[in-house]
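Inspection log for the structure reproduced underneath, given as structure tokens.
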Amino acid sequence: MGSVGVLALQGDVREHLATLSALGVESARVRTPGELDGVDALVLPGGESTAIAHLLVTSGLRGPLGERLESGMPVLGTCAGLILLAREVLDGRADQWGYGALEVTVRRNGYGRQVASFEAPLELADGSSVPGVFIRAPRILACGPRVEVLATYAHGEGPDPVLVRQGPVWGASFHPELTADTTVHRLFVESL
Amino acid sequence: MSDTQTTRTGSTLVKRGLADMLRGGVIMDVVNPEQAKVAEDAGAVAVMALERVPADIRRDGGVARMSDPQMIQEIQAAVTIPVMAKARIGHFAEAQVLEALGVDYVDESEVLTPADEENHIDKWAFTVPFVCGATNLGEALRRIGEGACLIRSKGEAGTGNVVEAVRHLRSITAMIRRCQSADANELYAIAKDLQAPLPLVLEVAETGHLPVPLFCAGGISTPADASLVRQLGAEAVFVGSGIFKSEDPVRMAHAIVEASTHFDDPSVIAKVSTGLGSAMRGWETSSLDQRLAERGW
């Protein structure tokens, strides 16, 4: 396995780099097409999806990243990263664009504004638990047939899928990088 | 196994976490929904909704208070990015109103006229997170002790002059380095001199950074200003009057966003600064009647 990049235009880049480093994985910041060429997999971090989408365009990364996704580069998107990967985004900007690499429908801020942001334990497919941190999080409303649900959040209206995978494309509506638990990153890295 | 009983809102992790999500970005002051759209279109990570930008507060004088809730709600409806709003220092009732409106961050701000000359707001009592200004490390740690989840160096708002922002940012980062190099015996005296909570001083000495993100505010009005403060250690930038008091606010907004992301690449700063039009006029700080940064303690 080669190097895992973290898209470093905006957001909680440092936490992803620290988690990858804790797992002994070589990692690098990606802000330019040249830096993207140098990595074998990519993490799209948490942040503001509209700002990151804007900066992908102005940094000349939108096209090259799309090509890498089409060629099967493994990618893990958390929160804003999930929104950028989703096929359909509700309650976004009228001109919101995304890569559509993950056949899911998400609602931006689907659990509410910041005062509704929350922590809750999540259940993995094997029955084990990981901590979930949801910050103005997107809510996964529907998954296509090729999407595998790896973790769920059970609540009054739930359970909601919160960690999903479609081949090499992984998406989380929460922030595994904000806790000391490295399970999600480890599962992603082990899949490479 | 997981259920509603184990779902927690308003935790420190969740409150500081939103600040983490804003890192690298630009937070823009806006006074109406049209400006908020300009900010979002330009790639701002959040907007600060207020009735008058600091340059106008400075010009008009009078008591500056929390904004009209209707205006805040119109801005919330206009954009998908987080909306912040300001409460007066110590005015916990204004903060309660802002929380009830569902704003995403409350700025307990020296730009407004202070409501309490002794006490800041007990920010632990709120679900909504708070950002506070600071001119030095002691002030930053006192605010964090009161529950602030994000610190911005104060600078001198509404001046278009970056000199105070640089002074405050350098003061904070230099003192952090001093804590890191101090031996264990010295840290107690440092905490006393800073008038800061000892556990927070010990944490800074151990980690080399504040327990919460450190952003910069007050006087940033060009892409190069944004680059400067980011290189000095600010993790994101608040821009108040600098955008909508410039000659071409749309271009300035785009340029400062680019500059914050590519802060350490001078070729990008040069490109976005080219043909940008005039920045806001600005004030020499020695000519000011009122230093906003002196409010709060």
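Order of the sequence lines sets the chain letters (A, B, ...), proteins ahead of strands, with each chain counted from 1.
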Does any N or O in the side chain of E108(B) come within less than 3.5 Å of the main-chain N or O of I121(B), such that one atom is a donor and the other an acceptor? yes
At a heavy-atom separation under 4.5 Å, does A236(B) approach chain A through its side chain, its backbone, both, or neither? neither
Side-chain (R251(B)) to main-chain (G275(B)) donor-acceptor, under 3.5 angstrom: yes
Residues E34(B) and K37(B) bridged, charged N to O under 4.0 Å: no
For the candidates A42(B), A46(B), S11(B), G25(B), which exhibits the highest count of non-hydrogen atom pairs separated by less than 4.5 Å from chain A? A42(B)
Considering only heavy atoms, which portion of H254(B) lies under 4.5 Å from any heavy atom of chain A: side chain, backbone, both, or neither? side chain
Please check if the side chain of Q10(A) supplies one atom and the backbone of R23(B) the other of a donor-acceptor pair under 3.5 Å. yes
Side-chain donor/acceptor of D20(B) to backbone N/O of D12(A), under 3.5 Å: no
Using a 4.5 angstrom heavy-atom cutoff, name the option from D264(B), V257(B), D265(B) with the most pairs to chain A. D264(B)
R108(A) with E48(A): basic N within carboxylate O range, under 4.0 Å: yes
Which answer fits V26(B), side chain, backbone, both or neither, if we ask what part of it has an atom under 4.5 Å from a heavy atom of chain A? neither
Heavy-atom pairs under 4.5 Å with chain A: which of G10(B), G43(B), A19(B), A44(B) has the most? G43(B)
For chain B, which residues from residues 84-96 of chain A have at least one heavy atom closer than 4.5 Å to it? D91(A), G92(A), R93(A)
Evaluate side-chain hydrogen bond (donor to acceptor under 3.5 Å, both in side chains) for Q231(B) paired with S227(B), printing each intermediate quantity in order. CA-CA 6 Å; Q231(B) 292 188 62; S227(B) 168; 3.0 Å; yes
Is a donor on one side and an acceptor on the other found under 3.5 Å between the side chain of D107(B) and the backbone of A85(B)? no
Is it the backbone or the side chain of E235(B) that comes under 4.5 Å from a heavy atom of chain A, or both, or neither? side chain
Would you mind telling me which of T127(B), V128(B), L13(B) has the largest number of heavy-atom pairs within less than 4.5 Å of chain A? L13(B)
Verify whether one side chain among S27(A) and H16(A) offers a donor that lies under 3.5 Å from an acceptor in the other. no
Tell me whether the centres of the aromatic rings in F134(A) and Y153(A) are closer together than 6.0 Å. yes
Could you have a look at S260(B), P129(B), P82(B) and say which one has the most heavy-atom pairs with chain A under 4.5 angstrom? P82(B)
